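Take a look at the structure set out below.
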Amino acid sequence: MPRIELSDDEFAMLNWLREFNSFATVEAETAHSLLAQSLLVLENSAAVISEAVIEWLDSEPFFW
């Protein structure tokens with residue numbers, strides 16, 4: 001297969017696209033990581049609140 005010759009502008013655009021793709025991949029991975037951490041914090045917060053409500057309900061027999 002013959003090698004494709006690129007003009008300077010085409011080569012510059014190709015390099016820019018490679019860098020943009022690399023940057024976008026890192027950004028997506030960072031966003032995914034932050035989302036996973038946020039969901040973990042939310043899950044832990046829900047567990048703490050749930051436990052507190054259960055303890056409160058146990059201490060207030062009027063509601064049962």
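Given the structure is predicted, the values throughout are model-derived calculations rather than measurements.
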query = Taking atom CG of D8 as the centre, does the number of heavy atoms from other residues, nucleotides or ligands within less than 6.0 Å exceed 12?
reply =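 Open: at most 12 neighbouring heavy atoms sit under 6.0 Å from CG of D8.
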task = Could I get the full list of ring-ring contact (aromatic ring centres under 6.0 Å, His included) partners for F23, not counting sequence neighbours?
result =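 Checked F23 against ring-ring contact (aromatic ring centres under 6.0 Å, His included); zero matches.
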Value rounded to 0.5 Å, distance of [atom1] in [X] from [atom2] in [Y]:
{"X": "L39", "Y": "L34", "atom1": "CG", "atom2": "CG", "value": "11.0 Å"}
{"X": "S59", "Y": "I54", "atom1": "OG", "atom2": "CD1", "value": "12.0 Å"}
{"X": "S38", "Y": "E43", "atom1": "OG", "atom2": "CD", "value": "12.5 Å"}
{"X": "H32", "Y": "Q37", "atom1": "NE2", "atom2": "CD", "value": "11.0 Å"}

task = Please answer whether the main-chain N or O of E29 pairs with a side-chain N or O of S33 as donor and acceptor at a distance below 3.5 Å.
result =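 Such a contact is absent between S33 side chain and E29 backbone.
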T30 side chain vs V26 backbone, donor-acceptor pair below 3.5 Å =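 Looks like yes, one N/O pair under 3.5 Å.
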ask   = Same hydrophobic cluster for F11 and W16, using side-chain heavy-atom links shorter than 4.5 Å among ILVMFWY?
value =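 No, it is not one cluster - the side chains of F11 and W16 are not joined through contacts under 4.5 Å.
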query = In the single-linkage hydrophobic clustering (I, L, V, M, F, W, Y; side-chain heavy atoms under 4.5 Å), do L6 and L17 co-cluster?
reply =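 No, no single cluster joins them.
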inquiry  = If you compare all heavy atoms of E10 against all heavy atoms of E5, which two are closest, and at what distance to 0.1 Å?
reply    =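 So the two residues come closest at OE1-O, 4.2 Å.
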